[in-house]
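Below: the structure, in structure tokens.
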Amino acid sequence: MSTIRITLYLGESGLTAWLIKGINQRLRDIQGAAELIKIDTLQRVNVQHQLAALSLAFKPFDLCQIFLIGENLQTQVEALKLYLQQYCVLVTDTYTATIHSSSPMYNDNFQFHHFSVPNKMSAKHRYHIMPFAKDATIVDKARILKLIAKMASIKHYKKIEVQLIQREQLSSTDMAGGIALPHIVSEYIDQPMMICLTSKTVIDWQSAHGGVTHIVALLLPKPCTKEAILAVRHLAVNLLNADKKQFITYHYMGDQLQAILACFMRPTEQPIEQSP
């Protein structure tokens, strides 16, 4: 059995009955199951249940995911992607640009970086990023914080590293569930940054939660806009939800992580109260 996740933004028409019908036509011969996931709430339904899918009340440009599990999926997946590209925006490996205020994702400009931590770092990485690493097979918290600081600013990385360490000394930023959220507000940062590092092996974050595989570092400039602070707050609140943390840890590609994390930085809409 194999699993495939297709992450996409809906088009300006949102999720329509004809779009669901077209998806089902491309998956009619699937040997397995297909779910549609509304990412901001993690509500999910069987794609074949058209009315249930429409009941999720998708809006234009909402982020969603089609999760497939089964055998010999490739033919159906390619046909489905070709169909979706006509009406939606697929999140692909090239989706790594800066998120701008005109984006439907969130309000402020966050520069995004993703780095996959290998089990064995190359000589180049050891020399330029972690020159003091004696054992390249071990990736620990100190080395990760140094890497984050260098990705944020080569000029000021030592000062940023100290600030990250001081924040960790106050209390561990391990959110449990495999995710750490190191964060600082710094005069050495020019614009809001999100630096996401992922590892297939568990990294010891020196906490009681059992280590992490996803580090989401948030570095804000001083002074910082209200919008950026609120975006960080929304993400932190969402990371208190165990299901959302687990969903994030299923993903290791920078493009998908960028879209999902950005979605969780958006404010949750409150239901409109009906007047009596």
Side-chain angles (χ1 to χ4, degrees), residues 1-92 95 102-107 177 234-235 237-251 253 255-276:
M1 299 287 284
S2 59
T3 61
I4 295 178
R5 295 177 182 270
I6 303 173
T7 307
L8 62 136
Y9 286 98
L10 296 173
E12 61 183 8
S13 299
L15 185 69
T16 61
W18 56 262
L19 183 61
I20 284 289
K21 182 178 180 180
I23 292 171
N24 282 323
Q25 287 176 343
R26 274 77 188 171
L27 297 176
R28 61 179 178 270
D29 296 325
I30 189 174
Q31 300 177 25
E35 282 189 323
L36 177 67
I37 303 172
K38 187 177 183 182
I39 289 181
D40 61 346
T41 60
L42 291 191
Q43 294 168 284
R44 56 181 69 206
V45 295
N46 187 320
V47 173
Q48 295 178 326
H49 297 165
Q50 181 172 314
L51 292 178
L54 293 174
S55 72
L56 295 185
F58 279 98
K59 297 181 178 62
F61 311 113
D62 269 354
L63 184 66
C64 61
Q65 189 174 90
I66 298 174
F67 176 57
L68 307 171
I69 181 169
E71 301 286 352
N72 305 317
L73 298 174
Q74 203 57 45
T75 300
Q76 288 88 351
V77 166
E78 292 305 318
L80 179 58
K81 285 183 177 180
L82 287 173
Y83 173 72
L84 291 171
Q85 285 172 352
Q86 301 176 68
Y87 312 106
C88 308
V89 178
L90 299 187
V91 177
T92 65
Y95 183 77
S102 59
S103 164
M105 289 187 292
Y106 57 87
N107 295 327
H234 294 315
L235 178 60
V237 169
N238 274 306
L239 289 181
L240 296 176
N241 182 296
D243 291 335
K244 290 183 177 181
K245 285 188 290 189
Q246 186 179 53
F247 184 76
I248 290 170
T249 60
Y250 290 149
H251 301 82
M253 300 298 293
D255 56 333
Q256 292 185 341
L257 285 167
Q258 181 181 5
I260 293 165
L261 291 168
C263 180
F264 290 158
M265 295 179 88
R266 297 175 62 188
T268 302
E269 293 186 5
Q270 299 297 323
I272 299 175
E273 295 185 4
Q274 300 292 330
S275 56

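Being a predicted model, the structure only gives us computed values, none of them experimental.
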Atom pair CG/CD1 of L68 and I30 - distance to nearest 0.5 Å
4.5 Å
Not counting sequence neighbours, list each pair that qualifies as a ring-ring contact (aromatic ring centres under 6.0 Å, His included) and has a residue in residues 19-56.
none
With R26, which residues qualify under salt bridge (Lys or Arg N to Asp or Glu O under 4.0 Å), at least two apart?
none
Taking atom types as modelled, find out whether Q65 and H251 have a side-chain donor-acceptor pair closer than 3.5 angstrom.
yes
Spacing of CD belonging to Q31 relative to CG belonging to L73, to within rounding of 0.5 Å:
8.5 Å
Got a sec, which residues hit side-chain hydrogen bond (donor to acceptor under 3.5 Å, both in side chains) with Q43, two or more places apart in sequence or on another chain?
T41
Would you compute the distance between atom CD1 of I39 and atom CG of L8 and round it to the nearest 0.5 angstrom?
8.0 Å
Between N24 and K21 (side chain of the first, backbone of the second, donor and acceptor by atom type, cut-off under 3.5 Å), is there such a pair?
no
Rounded to the nearest 0.5 Å, what separation is found between the CD1 atom of I20 and the CD atom of Q48?
11.0 Å
Quick check: closest heavy atoms across V91 and A259, and the distance to 0.1 Å?
CG2-CB, 4.1 Å
Start with the C-alpha gap between L36 and N46, add the side-chain angles, then the distance that decides, and say whether side chain to side chain contact (heavy atoms under 4.5 Å, CB included) holds.
CA-CA 6 Å; L36 177 67; N46 187 320; over 6 Å; no
Pair listing, salt bridge (Lys or Arg N to Asp or Glu O under 4.0 Å) test, anchored in residues 64-82, at least two apart
none
Just how far is it from atom CG of D40 to atom CG of L63, taken to the nearest 0.5 Å?
8.0 Å
Rounding to 0.5 Å, atoms CD (Q256) and CG (L261) come to a distance of 11.5 Å
Minimum-distance pair of heavy atoms, taken over all atoms of K245 and L239:
CD-O, 2.9 Å
Test I260 against I248 for side chain to side chain contact (heavy atoms under 4.5 Å, CB included), laying out the working first.
CA-CA 7 Å; I260 293 165; I248 290 170; 4.1 Å; yes
Do F247 and I37 pass the side chain to side chain contact (heavy atoms under 4.5 Å, CB included) test, and can you show the C-alpha distance, the side-chain angles, and the key distance before you say yes or no?
CA-CA 11 Å; F247 184 76; I37 303 172; 4.1 Å; yes
Shortest non-hydrogen separation from Q25 to R28 and the atoms involved:
O-NH1, 2.5 Å
Below 3.5 Å, can you tabulate the donor-acceptor pairs from side chains in residues 10-19 to any protein atom, sequence neighbours excluded?
from	atom 1	to	atom 2	distance (Å)
T16	OG1	W18	NE1	3.1
T16	OG1	L19	N	3.2

In short, ring-ring contact (aromatic ring centres under 6.0 Å, His included) pairs touching residues 63-86 with sequence neighbours left out are Y83-Y87
Quick one, L84 and I6 - any side-chain contact, counting heavy atoms below 4.5 Å?
yes
Do you know which two heavy atoms are closest between Y9 and C88, and how far apart they sit?
O-CB, 3.2 Å
Tell me if a side-chain donor or acceptor on N238 pairs with a main-chain N or O of H234 at a distance below 3.5 Å.
yes
Counting heavy atoms not belonging to L51, are there more than 12 under 6.0 Å from its CG?
no
Heavy-atom donor-acceptor pair, S2 side chain to G70 backbone, under 3.5 Å
yes
Within the distance-only criterion (no hydrogens, no angle test), does the side chain of K244 pair as donor or acceptor with the backbone N or O of F264 below 3.5 angstrom?
no
Pairwise side-chain contact, V45 with K38, heavy-atom cut-off 4.5 Å (strictly under)
no
Stepwise, does the side chain to side chain contact (heavy atoms under 4.5 Å, CB included) test hold for D29 with Q76?
CA-CA 8 Å; D29 296 325; Q76 288 88 351; 3.9 Å; yes
